[in-house]
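Sequence lines set the chain letters: A, B, ... in the order given, protein chains first and strands last, and positions in each chain run from 1. Quick caveat: nothing in here was measured; it's all calculated off a predicted structure.
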Number of protein chains: 2
Amino acid sequence: MILDSETKAVELPDDHGTELRLWLRLLTCTTLIEGEVRSQLREKFDVTLPRFDLMAQLDKVSDGMTLSDLSKRMMVSNGNVTGLVERLVESGHLDRRTSETDRRVQFIRLTKLGRAEFRKMAAEHEKWIADIFGDLSPKDIRELMRLLAKAKGSAQRSAKARTA
Amino acid sequence: MILDSETKAVELPDDHGTELRLWLRLLTCTTLIEGEVRSQLREKFDVTLPRFDLMAQLDKVSDGMTLSDLSKRMMVSNGNVTGLVERLVESGHLDRRTSETDRRVQFIRLTKLGRAEFRKMAAEHEKWIADIFGDLSPKDIRELMRLLAKAKGSAQRSAKARTA
DNA sequence: GCCAATTGCTTGAAGTTTAAAGAAATTGCA
DNA sequence: TGCAATTTCTTTAAACTTCAAGCAATTGGC
């Protein structure tokens, strides 16, 4: 171990251990919560997380959304959304309509049933989340929000630089 | 909108909007980084993230690990690990050996090839992660670590209470 | 108007994931 | 010992996911 004059561990120039540990902790935290939400959705409403997420995107708008919009917002592939939508139309939660000005485009909307069911689930979901973060003070939450925003910005900068 | 005497928004008793927003931000952040890591692993090493994760668990120990240990540490189902290990044994990265004292138990280890390939990937991986979090100061990282630990504890408390 | 490039979506193959059921082995306790 | 409960792992079906290839429609030069 390399020690400096104050007998404190000094990092090697290429030691990126703290960032790696941060990433693992972030991932663990998210996986844990995601698993919890997934279990609750299945137990209480017999619905999968991807379906809930998709409906959540659609609930934000009143007049529908294209498949591309959905895949961008959900950060998943286009083909993935095609399948999800297909199954949700099948079950009567969604409604799809081809655009009249561009016949490639499909507008997807929640049906009355879909919106009603989603609203019920969303209300419960919000309570689960509140309980999951229940030990955090308002200040903790504000700080986490701020730092995660910074992390997100950093990650986007990094991704963009790579693809550029 | 309900306003108090200081003309500041007051939260309704059941408003859990801040926790929900925190969760969405946490999820977005993780998904973003995970996608980035996934792309890099595919591009640079033609390997999937689940395989990398599994090898990462095994690299931490010298003498192997059981399937159950793996599934607990990776926080995925047992059957999932069975399939992943199967494919990695097939490709020569892993070695499986039945325990002599308990014939239900399989010890899984990295082969020489597996460990060598993993080490190469891990070194690059650490650099990607460092770059992804590059805009965060050491203090930001410490704070995030602390708050995420608190969030993790809170989520575990919540999950435990539910299953109890 | 023509047509190459782009855009929106679907399809197919391979892989990952879960939940649930089941098989095999071990453990613990009466 | 006997055997019920538990543990470890596998299997199965259905769903989810990505990537890449492909189809159809539109757009943007020319």
Side-chain angles (χ1 to χ4, degrees), chain A residues 27 30-32 34-55 64-91 93-94 96-108 163, chain B residues 30-32 34-55 57 64-91 93-94 96-108 163:
Chain A
L27 189 55
T30 301
T31 305
L32 187 62
E34 199 176 293
E36 188 60 14
V37 171
R38 196 186 297 277
S39 296
Q40 296 261 32
L41 283 174
R42 172 168 291 275
E43 279 176 34
K44 306 288 199 304
F45 300 107
D46 194 33
V47 75
T48 64
L49 185 52
R51 289 181 199 208
F52 179 80
D53 284 344
L54 196 152
M55 289 196 274
M65 201 180 262
T66 69
L67 286 183
S68 293
D69 287 341
L70 275 172
S71 80
K72 264 178 220 121
R73 285 180 190 244
M74 295 178 71
M75 297 197 283
V76 299
S77 69
N78 236 318
N80 189 353
V81 174
T82 295
L84 277 171
V85 166
E86 152 115 32
R87 288 182 285 272
L88 281 165
V89 167
E90 176 71 21
S91 63
H93 294 85
L94 301 187
R96 77 196 306 171
R97 205 162 35 79
T98 303
S99 162
E100 291 178 6
T101 59
D102 185 340
R103 274 178 297 175
R104 290 169 306 178
V105 176
Q106 306 271 342
F107 286 109
I108 313 296
T163 352
Chain B
T30 301
T31 305
L32 188 63
E34 198 175 296
E36 188 60 16
V37 171
R38 195 186 298 277
S39 296
Q40 296 261 31
L41 283 174
R42 171 169 291 275
E43 279 177 34
K44 306 288 198 306
F45 300 107
D46 193 33
V47 75
T48 64
L49 185 52
R51 290 179 198 209
F52 179 80
D53 284 344
L54 197 153
M55 290 195 273
Q57 293 301 327
M65 202 180 261
T66 69
L67 285 183
S68 290
D69 286 341
L70 275 172
S71 79
K72 264 178 220 120
R73 286 180 191 248
M74 295 177 71
M75 297 197 282
V76 299
S77 70
N78 235 320
N80 188 352
V81 174
T82 295
L84 276 172
V85 165
E86 152 117 34
R87 287 183 285 272
L88 281 165
V89 167
E90 176 71 22
S91 63
H93 294 85
L94 301 187
R96 78 195 305 170
R97 205 161 37 78
T98 303
S99 162
E100 291 177 5
T101 59
D102 185 339
R103 273 179 298 174
R104 289 169 306 178
V105 176
Q106 307 270 342
F107 285 110
I108 314 295
T163 351

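In terms of heavy-atom proximity, A:Leu88 sits nearest to A:Leu54 at CD1-CD2, 4.2 Å. The two atoms that bring A:Val76 and A:Val81 nearest to each other are CG2-CG2, 3.7 Å, heavy atoms only. When all heavy atoms of A:Thr30 and B:Thr30 are compared, the closest pair comes out as OG1-OG1, 2.8 Å. Between B:Met75 and A:Leu32, the shortest heavy-atom distance links the atoms CE-N, 4.4 Å.
To the nearest 0.5 Å, atoms CZ (B:Arg104) and CG (B:Leu67) are separated by 12.5 Å. A distance of 7.0 Å separates CG of A:Leu27 from CG of B:Asp53, quoted to the nearest 0.5 Å.
Scanning for salt bridge (Lys or Arg N to Asp or Glu O under 4.0 Å) contacts around A:Arg38 gives A:Glu34, with sequence neighbours left out. Considering only residues two or more places apart in sequence or on other chains, A:Glu43 meets the salt bridge (Lys or Arg N to Asp or Glu O under 4.0 Å) condition with B:Arg162.
Between A:Leu70 atom CG and C:dG8 atom P there is a gap of 13 Å when expressed in whole angstrom units. To the nearest angstrom, C1' of C:dT16 lies 15 Å from CG of B:Leu41. In this entry the distance linking CZ of A:Arg73 with P of C:dG8 reads 15 Å, nearest Å. Between the CE atom of B:Met74 and the C1' atom of C:dT18 there is a distance of 14 Å, given to the nearest Å. Here C:dA19 presents its P atom at 6 Å from CZ of A:Arg42, a figure rounded to the nearest Å. Regarding A:Glu34, its CD atom lies at a distance of 11 Å from the P atom of C:dT17, rounded to whole Å. Distance CZ (A:Arg38) to P (C:dA20): 13 Å, rounded to an integer number of Å.
Residue B:Ser68 is the one, among A:Pro50 and B:Ser68, whose nearest nucleotide of DNA chain D lies closer to the 5' end (criterion: closest heavy atom). Toward the 5′ end of DNA chain C lies the nearest nucleotide of A:Thr66, the other residue of the pair A:Ser39 and A:Thr66 mapping further downstream.
Residues from residues 98-105 of chain A that place a heavy atom under 4.0 Å from any atom of DNA chain D, listed by number: A:Thr101, A:Asp102, A:Arg103, A:Arg104. Applying a 4.0 Å cut-off to non-hydrogen atoms, the residues of residues 77-85 of chain A that approach DNA chain C are A:Asn78, A:Gly79, A:Thr82, listed by residue number.
Pairs passing the salt bridge (charged side-chain N to carboxylate O under 4.0 Å, His left out) check and including a residue from residues 72-89 of chain B, sequence neighbours excluded, do not occur.
In 5' to 3' order, the nucleotides of DNA chain D bounding all contacts with chain B (an atom under 4.0 Å from a heavy atom) are D:dT7 to D:dC19.
Side-chain atoms of A:Thr101 and A:Ser99 form a donor-acceptor pair, as typed in the model, at a separation below 3.5 Å.
Checking side-chain atoms of B:Ser71 against main-chain N and O of B:Ser68 turns up a donor-acceptor pair under 3.5 Å.
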